[in-house]
Number of protein chains: 2
Amino acid sequence: MNSQDSTTPGPDETRRMFAARGLKLTHQRLEVFCELAAAKDHPCAETVWRRVRERVPTISLDTVYRTLAVLREYGLAARVPVDGDMARFDGDTAPHHHLACECCGRIDDLPLGEFDPAVLPEAVSAWGRVRDAQVVVRGICRRCLESGEHGPTRSDADQTPS
Amino acid sequence: MNSQDSTTPGPDETRRMFAARGLKLTHQRLEVFCELAAAKDHPCAETVWRRVRERVPTISLDTVYRTLAVLREYGLAARVPVDGDMARFDGDTAPHHHLACECCGRIDDLPLGEFDPAVLPEAVSAWGRVRDAQVVVRGICRRCLESGEHGPTRSDADQTPS
DNA sequence: TTCGGTGCAAATTATTTGCATCTGG
DNA sequence: CCAGATGCAAATAATTTGCACCGAA
């Protein structure tokens, strides 16, 4: 497949991926898609919007929501399985795991070779069809621990709160 | 079929657990707590409310929300890490895993001996303090597969839709 | 008796949707 | 040219909160 993180799909690659699925590629969609693909912090819809707006000042938040829904529907994006007030998105659809801070809301990728989703007990195939299996670790990140800001603080943003 | 694993805390046990944490035990709290402890379907707040209301007709939905928040704060309940429109709760705070159907929203416990959360790479302890680590499997349950009702249907309820 | 819990209703917040307009293919 | 995408604003849906009253300790 594509390389680790160096290959953030460029405009050409993106155009091809959209065409392959019969999706219309608009300026907004291109920017949302590339922004999400480049992001490593699993942003929420509003954060994607805030970032894309710097390049496309006229894009509306609901277009971002609609685009994210479409990307998800066509397997070009995924929602991270975390419990929180807002949905978090991931441009990396390859199977991997996550670390989520319950204090500041940051979500990081978790390199974990130990766990192989393919090795699920047969009870699972009896349950139904698996789309994805991942390990979700919840805790308090070092930054929050050091700033003494931990606690049931269930904060908010996923980006710099500036 | 409430006591499969013996420990659905009764009123006495509950009274003790609350007292141990300096929590006032009201009629409503007792019912919410026992209802959640007995549930095996990881209900959302409204479902807990609907069920408890059969025994306490006057309980309000926001009391259920507040109670669930308190239980969570004191480690007597947990939120299931799934992405969805509503929060799902679990009265079982012992480490275990989950299976979530993306079609009907049902969530089941996943018996999985293979994966031991204790065996996390050192990279995790460098990241911060872990509160819990679990495997989350997302897919389509057998019932949905057979009823042909699968698809990006991201349904709703966690209980009988009646 | 007292402080915290509860119910009601209004407020917030995230996300969705109707509609007229615009645009990629 | 035209089906589908966008922007705006209003509509939903889930969850929270202010406030006066009530009940457990």
Side-chain angles (χ1 to χ4, degrees), chain A residues 11 14-33 43-50 52-53 55-74 77 79-80 82-89 105 152-158, chain B residues 11 14-33 43-50 52-53 55-74 77 79-80 82-89 105 152-158:
Chain A
T14 303
R15 191 169 298 281
R16 204 176 314 141
M17 299 181 81
F18 273 65
R21 290 158 223 251
L23 285 174
K24 202 179 270 188
L25 180 57
T26 63
H27 184 200
Q28 293 90 324
R29 284 185 171 181
L30 196 170
E31 293 295 342
V32 168
F33 178 72
C44 64
E46 197 175 334
T47 295
V48 171
W49 178 57
R50 215 179 298 129
V52 169
R53 226 172 12 154
R55 322 185 103 240
V56 190
T58 60
I59 194 173
S60 68
L61 178 55
D62 39 276
T63 289
V64 172
Y65 271 112
R66 276 189 267 235
T67 300
L68 288 172
V70 169
L71 293 180
R72 224 159 61 82
E73 187 175 350
Y74 285 83
R79 253 153 93 174
V80 185
V82 286
D83 49 304
D85 34 348
M86 40 183 132
R88 300 289 288 270
F89 299 85
T153 319
R154 49 154 67 202
S155 187
D156 41 39
D158 43 295
Chain B
T14 304
R15 192 168 299 280
R16 204 177 315 141
M17 300 181 80
F18 273 64
R21 292 158 221 250
L23 285 174
K24 201 179 271 189
L25 180 58
T26 63
H27 185 199
Q28 293 90 324
R29 285 185 171 181
L30 196 169
E31 293 295 342
V32 168
F33 178 71
C44 64
E46 195 175 335
T47 295
V48 171
W49 178 56
R50 214 179 300 128
V52 169
R53 223 173 14 155
R55 323 185 102 239
V56 190
T58 60
I59 194 173
S60 69
L61 178 56
D62 40 276
T63 289
V64 172
Y65 271 112
R66 276 189 266 233
T67 300
L68 288 172
V70 169
L71 292 180
R72 225 160 60 82
E73 187 175 349
Y74 285 83
R79 251 153 94 175
V80 184
V82 286
D83 48 305
D85 33 349
M86 42 183 131
R88 299 289 288 270
F89 298 86
T153 319
R154 49 154 65 203
S155 186
D156 42 40
D158 42 296

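Throughout, protein chains are lettered first and strands after them, A, B, ... in sequence-line order, and every chain is numbered starting at 1. Heavy-atom basis, side chains included; hydrogens, waters and symmetry copies ignored.
- As a whole-Å value, the separation of B:R53 CZ from C:dC8 P is 10 Å.
- B:F33 has its CZ atom 20 Å from the C1' atom of C:dT6, to the nearest Å.
- Comparing B:F89 and B:L25 along DNA chain D, the residue whose closest nucleotide (by nearest heavy atom) sits nearer the 5' end is B:F89.
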Practice problem: Sugar-phosphate atoms are those with a prime plus P, OP1 and OP2; base atoms are the rest. Using that split, label each nucleotide of nucleotides 5-11 of chain D B, S or - for protein heavy atoms under 4.0 Å, 5' to 3'. | Solution: SSBBB--
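- Put simply, the side chain of B:F33 does not reach to within 4.5 Å of the side chain of B:V48, judged on heavy atoms.
- To the nearest 0.5 Å, the span separating CG on A:L61 from CZ on A:R66 amounts to 10.5 Å.
- Distance, A:R88 CZ to C:dA14 C1': 14 Å, rounded to whole Å.
- In terms of the side-chain contact (heavy atoms from CB on, under 4.5 Å) criterion, residue partners of B:T26 (sequence neighbours excluded) are, by chain and number, B:Q28, B:R29.
- For the pair B:F18 CZ and C:dG5 P, the interatomic distance rounds to 10 Å; values are reported in whole Å.
- Listed pair B:Y65 / D:dT16 fails the phosphate criterion, with no side-chain N or O lying under 4.0 Å from OP1 or OP2.
- Between the CG atom of A:D85 and the P atom of D:dT16 there is a distance of 9 Å, rounded to whole Å.
- Residues meeting the side-chain contact (heavy atoms from CB on, under 4.5 Å) test with A:R21, sequence neighbours left out: A:M17, A:L23, A:Y74, A:L76.
- Across the protein-nucleic acid pair, B:M86 atom CE and D:dT15 atom C1' stand 12 Å apart, rounded to whole Å.
- Taking both residues in full, the closest heavy atoms of B:R15 and B:L25 are given as CA-CD2, 3.6 Å, listed atom of the first, atom of the second, then distance.
- The CZ-P distance, from A:R21 to C:dG25, rounds to 16 Å in whole Å.
- For the pair A:R72 (side chain) and A:F89 (backbone), a donor-acceptor distance under 3.5 Å is absent.
- Residues A:W49 and A:I59 come closest through the heavy atom pair NE1-O, 3.0 Å.
- Direction of the helix axis in the helix from C:dT1-D:dA25 to C:dG25-D:dC1 shifts by 50° between the two five-pair termini, rounded to 10°.
- One can place OH of B:Y74 at 13 Å from C1' of C:dG5, the figure rounded to the nearest angstrom.
- In terms of the salt bridge (charged side-chain N to carboxylate O under 4.0 Å, His left out) criterion, residue partners of B:D83 (sequence neighbours excluded) are, by chain and number, A:R79, B:R138.
- Listed by chain and residue number, A:E31 satisfy the salt bridge (charged side-chain N to carboxylate O under 4.0 Å, His left out) test with A:R55 (two or more places apart in sequence, or in another chain).
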